[in-house]
Amino acid sequence: MIEEKEILREFKTLKGLTLSELRDFFISISEPKFRAEQVFKWMYGNLSDDFTEMRNIPKSLREKLSASFNLNTLEYSTSEVSPSTKTKKYIFKTNDSFKIESVVIPEQKRTTLCISTQVGCPLDCKFCATGLMGYKKNLSAGEIFDQYKLANQNYIDSEITNIVYMGMGEPLLNFHATVKSLRIFDEELTAKINLKRITVSTVGIPTKINELARTGLNVKLALSLHSCFEDIRNRIMPINKKYSLAENIEAIKNYSKKTNTKITFEYVMLDGINDRDEDIKALVKLCSTLPCKVNIIPFNSLEHMNPGGFAATLKPSPINRIENFADKLKEKNITVMLRNTQGDDIAAACGQLAYPETPFLRKGAL
Ligand code: SAH
């Protein structure tokens, strides 16, 4: 139902159409096919939303297009930079007045943009702020792309080199728009970001992982693992009761083989829940069965959201346990990245994206 509505909405705008859809569009209005390449390059390569700038398009056609289409799917609302890490959090507003968040994370050798695929999220993972705000709607492919456009236009220190689909929402539950946005990034006319530098992160929806493998896009895949045990995963990520870890492992093995890519396991360190010796043992065993790396993430507090029940009891693992966990994996020759808590001081770190419920600036942050 949701998807059908979204598709109809998308076809009312050109922003979000893939190159082949844009060709169909121009053919349908009896224009030459090459107009598609021209408009595509303006929208996604030059990041232009203004038909009057598209000088290689005849004026009469530009006027016709601008009378029918608004290419601007998001409006820049505010942004905030963490003084310590330079991580920048943006609030963008959709044309139907929802607010979404994107984050730019500058590092030494790269600058990563973290984008949202839904307003809110239906998954209710117990450690995640977005889950606490619930699900509002799917973003269109245009709205997904325009986060990249607006971040570029409002981020001038360095160029965005990488994109992670790790903002608000579950990309594989908004499969149609997510894949369309990847197809747009995949075109040479678009930009400088190759799909090898794009990672889609999922809680694990096996049928959709298989479907993503069949698209031939070869984008990198991250699985939010967080525990190797079904019962623990059931507790912290209720969706696991529907799509078990076992089914997901089978799907990601297939994905890795088909796309010839390494899978990234994301692992948020929760005190006493997934940071025990038996967790290390199970993770080492899992890692021996497929090409992968492990991204260890310190748990970012949700205290600004005042969660209740089980969520309120979750605490970050102490730093020495996190380091020991990482060392034990490294000893077994597993590639481990210990993610720092970039942006923690502005509530922009992973799992803290929950505007408008999130106070924009946490107390004492600056
Ligand atoms: N729905 C997708 C993408 C969004 S979450 C997914 O689940 O993968 C992106 C990453 O942030 C995931 O690995 C998620 O588990 C992690 N995350 C969520 N809440 C967090 C928190 N409070 N602290 C640290 N990481 C968190």
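None of the values given here were measured: they were computed from a predicted structure. First listed ligand is number 1; within each ligand, the first listed atom is number 1.
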4.0 Å heavy-atom contact, G167 with ligand 1: yes
Derivation of the salt bridge (Lys or Arg N to Asp or Glu O under 4.0 Å) call for R23 and E37: CA-CA 8 Å; R23 283 192 187 117; E37 271 81 2; 2.5 Å; yes
Test of proximity, G169 against ligand 1: N or O pairs below 3.5 Å: yes
C125, S201, P316: member with heavy atom nearest to atom 8 (O) of ligand 1: S201
Short side-chain donor-acceptor distance under 3.5 Å, E170 and T117: no
Under-4.0 Å heavy-atom contact with ligand 1, by part of T202 that carries it: backbone
Close approach of P298 to ligand 1, heavy atoms, under 4.0 angstrom: yes
Proximal ligand 1 atoms for I297, defined as those under 4.0 Å from one of its heavy atoms: 24 (C), 25 (N)
Structural part of V268 in contact with ligand 1, heavy atom criterion under 4.0 angstrom: side chain
Lys/Arg-Asp/Glu bridge criterion (N-O < 4.0 Å) met for R276, D279: yes
Close-contact set for ligand 1 against F299 heavy atoms, below 4.0 Å: 21 (C), 22 (N), 23 (N)
E143 with K137: basic N within carboxylate O range, under 4.0 Å: yes
Geometric N/O contact F127 with ligand 1, under 3.5 angstrom: yes
C128: numbered ligand 1 atoms lying under 4.0 Å from its heavy atoms: 18 (C), 19 (N)
Presence of salt bridge, K208 and E211, under 4.0 angstrom: yes
Part of E266 with heavy atoms under 4.0 Å of ligand 1, whether side chain, backbone, both or neither: side chain
Backbone N/O of S317 and side chain of D275: donor-acceptor pair under 3.5 Å: no
Heavy atom of H226, distance to ligand 1 below 4.0 Å: yes
Contact atoms of ligand 1, heavy-atom distance to V203 under 4.0 Å: 6 (C), 7 (O), 8 (O)
Derivation and outcome, ring-ring contact (aromatic ring centres under 6.0 Å, His included), residues F92 and Y90: CA-CA 6 Å; F92 300 135; Y90 299 89; 5.3 Å; yes
Polar contact flag for Y165 and ligand 1 (N/O pairs, less than 3.5 Å): no
Sub-6.0 Å ring centroid separation between F34 and F26: no
I193 side chain reached by Y148 side chain, heavy atoms, under 4.5 Å: yes
